[in-house]
2 protein chains.
Amino acid sequence: MKDVHDMPGHLARRFQQIAVAVFLAEVEDAGYDLTPVQYAALAAVSASPGIDQVTLAGLIAYDRTTITGVVDRLVQKGLVARHAKRGDRRARELKITDAGRRTLRGITPAVEAAQQIMLRGLTDSEAKELVRLLQKAIAAGNALSRAPLRGTATR
Amino acid sequence: MKDVHDMPGHLARRFQQIAVAVFLAEVEDAGYDLTPVQYAALAAVSASPGIDQVTLAGLIAYDRTTITGVVDRLVQKGLVARHAKRGDRRARELKITDAGRRTLRGITPAVEAAQQIMLRGLTDSEAKELVRLLQKAIAAGNALSRAPLRGTATR
DNA sequence: TACTGATATTCAGCATGCTGAGCAATGCTC
DNA sequence: GAGCATTGCTCAGCATGCTGAATATCAGTA
């Protein structure tokens, strides 16, 4: 392991770098302006209407201090609505707006295309295997980051 | 591909997140204060004394505007020296200092350990395969990011 | 009910990464 | 050798991520 280019940590950074670039390029070509992080948050809010920010962060493994800014931008773009939650004035309820639903529907082909492109150097079976290995490594390392994935029932 | 958790882009982000957390934890335990990005830059400067910033950025696939801040911090920590280059006053020559050499030597076990830990969910052969697949995917997607890897001869 | 601990959110500060622009120096070309 | 494109570097601005801390609220208990 004499070279950084053989270290999984460096490869992780590099692959993520490419993945983000491909995502942004595809999404912009499709006429949208949304980051990978914003997309994941929007999709999660769509799937779990009324969710609060901490729970949302847990579902997609974002830090709780990061989710604030991400939701801010989604609200500013009019894709998500943020209201005080009845029964717990600490929390904010998040709901996708009509514009958010339209964006999510319209952007999906570009997102799917991006996933193909970032793996274009691999065969189909290699791509599947890479996804499997990443999921396995991530599952084992989940608790090691400050922002672990927390399924709704993990508590 | 209905769920973000099956998308390679999301997995890339998550794996990178864990990799950084593991790296920082191991390095701090060893008594050092260096980020993964700073480590890669320091190692590259050590391997290529007198390198300029743009070439350094190409070797480790950093954006040219990012490398400025990274080198700033390495210089501030006394690990790297930055001098004007003779023969081309635009460029800055980078050299590792004695303190930088000591740090690099001392930190290596922690860096190696971190690489093991971030893959601890995988068998040895799975870990090798993950590295291989990442390298293959990265090689194919290299040109897609603003900061591609540029080997010294690639020009 | 007052106290204590936990929880949801936010903020300040720092380190990547990127886009786009600007500056200074270089090198090629006519 | 003057003009101009190129190159090396930097800066402003924005979007993640993180640490650590503050604020407000809630929940359980003495």
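Letters go in sequence order (proteins before strands), and every chain restarts at 1.
The environment of A/Lys95 atom NZ is sparse: at most 12 non-hydrogen atoms of other residues, nucleotides or ligands sit within 6.0 angstrom.
Counting heavy atoms from C-beta outward, A/Arg92 and A/Asp52 have side chains that stay 4.5 Å or more apart.
Distances were taken from every side-chain heavy atom of A/Val54 (C-beta onward) to each of C/dG17, C/dT10, C/dA8; the shortest belongs to C/dA8. Taking the side chain of A/Gln38 as heavy atoms from C-beta on, and the options C/dT26, D/dT16, D/dC26, the nearest nucleotide is D/dT16.
The CD-P distance, from B/Glu93 to D/dC9, rounds to 11 Å in whole Å. In this structure, A/Ile67 places its CD1 atom 15 Å from P of D/dA15, rounding to the nearest Å. The CZ atom of A/Arg90 sits 16 Å away from the P atom of C/dG5 (whole-angstrom rounding). Rounded to whole Å, atom P of C/dT9 lies 14 Å from atom NE2 of A/His83. Here the C1' atom of nucleotide D/dC18 and the CG atom of B/Asp33 are 13 Å apart, to the nearest Å. Remark: C1' of D/dT25 and CD of A/Gln53 are 15 Å apart, rounded to the nearest angstrom. We find that NZ of B/Lys85 is positioned 12 Å from C1' of C/dT26, with the value rounded to whole Å. If you measure from atom CG of B/Asp72 to atom P of C/dG17, you get 16 Å, rounded to the nearest angstrom.
Contact between the side-chain N/O atoms of B/Arg73 and the OP1/OP2 oxygens of C/dC14 is not found at any separation under 4.0 Å. Taking side-chain N and O atoms only, B/Thr68 has a distance below 4.0 Å to OP1 or OP2 of D/dT10. Look at A/Arg89 and you won't find any side-chain N or O under 4.0 angstrom from OP1 or OP2 of D/dA24.
Taken residue by residue, residues 14-29 of chain A places heavy atoms nearer than 4.0 Å to DNA chain C at A/Gln17.
B/Thr97 contributes a side-chain N or O that, together with a main-chain N or O of B/Leu79, makes up a donor-acceptor pair within less than 3.5 Å. Remark: side-chain polar atoms of A/Glu126 are paired, donor with acceptor, to backbone N or O of A/Thr123 under 3.5 angstrom.
A/His5 and A/His10 have perpendicular rings, their planes meeting at more than 60° on a 0 to 90° scale where under 30° would count as parallel.
In this structure, A/Asp52 reaches the sugar-phosphate backbone alone: every heavy-atom distance under 4.0 Å involves primed, P, OP1 or OP2 atoms, never a base. Contacts of A/Arg64 with the nucleic acid, taken as non-hydrogen atoms under 4.0 Å apart, include base atoms. B/Arg92 comes within 4.0 angstrom of sugar-phosphate atoms only, judged by non-hydrogen atoms across all strands, and of no base. Looking at heavy-atom distances under 4.0 Å, B/Asp88 makes contact with sugar-phosphate atoms alone, never a base. Across all strands, A/Thr35 comes closer than 4.0 Å only to sugar-phosphate atoms, never to a base (heavy-atom distances).
A salt bridge links A/Arg101 with A/Asp98: at least one charged nitrogen is closer than 4.0 Å to a carboxylate oxygen. With respect to the salt-bridge test (charged N to carboxylate O, under 4.0 angstrom), the residues A/Glu93 and A/Arg82 do not qualify.
In terms of hydrophobic clustering, with Ile, Leu, Val, Met, Phe, Trp and Tyr side chains grouped at heavy-atom distances under 4.5 Å, B/Ile138 and A/Val131 are assigned to a common cluster.
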